[in-house]
Amino acid sequence: MKAELSAAAKAAAGRPAELLDAVELPRDLPAPLATEWRWWATKHLQGAIAAEEKQGKDGERDGGLARVTAAAATLLPNPRRRTRRA
């Protein structure tokens with residue numbers, strides 16, 4: 001099953017790019033961080049597409065897109081969002 005999912009994820013290699021083009025990244029995001037995020041998001045969506053198509057997990061593609069969109073919103077520090085430091 002793992003090999004089948006891996007093959008399906010590789011076959012879906014170009015499709016995440018189309019989905020990610022619609023995700024807005026923060027305006028001041030440094031280029032290296034944007035590149036790293038896009039690589040992570042692409043892999044995440046490839047897995048979601050493969051799970052939806054091969055395992056019949058309906059909504060995985062939309063759920064994956066929602067997760068990467070939410071992650072994009074938190075890439076830069078937000079001064080309003082306070083965190084405790086150790």
Just distance, no hydrogens or angles: give the donor-acceptor pairs under 3.5 Å from side chains in residues 21-32, sequence neighbours left out.
| unit_1 | atom_1 | unit_2 | atom_2 | d |
| --- | --- | --- | --- | --- |
| Asp21 | OD1 | Arg38 | NH2 | 3.0 |

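Judged as a side-chain contact (heavy atoms from CB on, under 4.5 Å), and not counting sequence neighbours, the contacts of Ala71 are Trp37, Trp40. Remark: Glu52 pairs with Arg61 by the side chain to side chain donor-acceptor pair (under 3.5 Å) rule, at least two apart or across chains. With sequence neighbours excluded, the residues satisfying side-chain contact (heavy atoms from CB on, under 4.5 Å) with Ala48 are Glu60.
How far CD1 of Ile49 is from NE2 of His44: 11.0 Å, rounded to the nearest 0.5 Å.
Each ring-ring contact (aromatic ring centres under 6.0 Å, His included) pair with one or both residues in residues 46-67, not counting sequence neighbours, would appear here, but there are none. Each salt bridge (Lys or Arg N to Asp or Glu O under 4.0 Å) pair with one or both residues in residues 41-51, not counting sequence neighbours, would appear here, but there are none.
Across Gly64 and Leu45, no two heavy atoms sit closer than the pair C-CD2, 3.5 Å.
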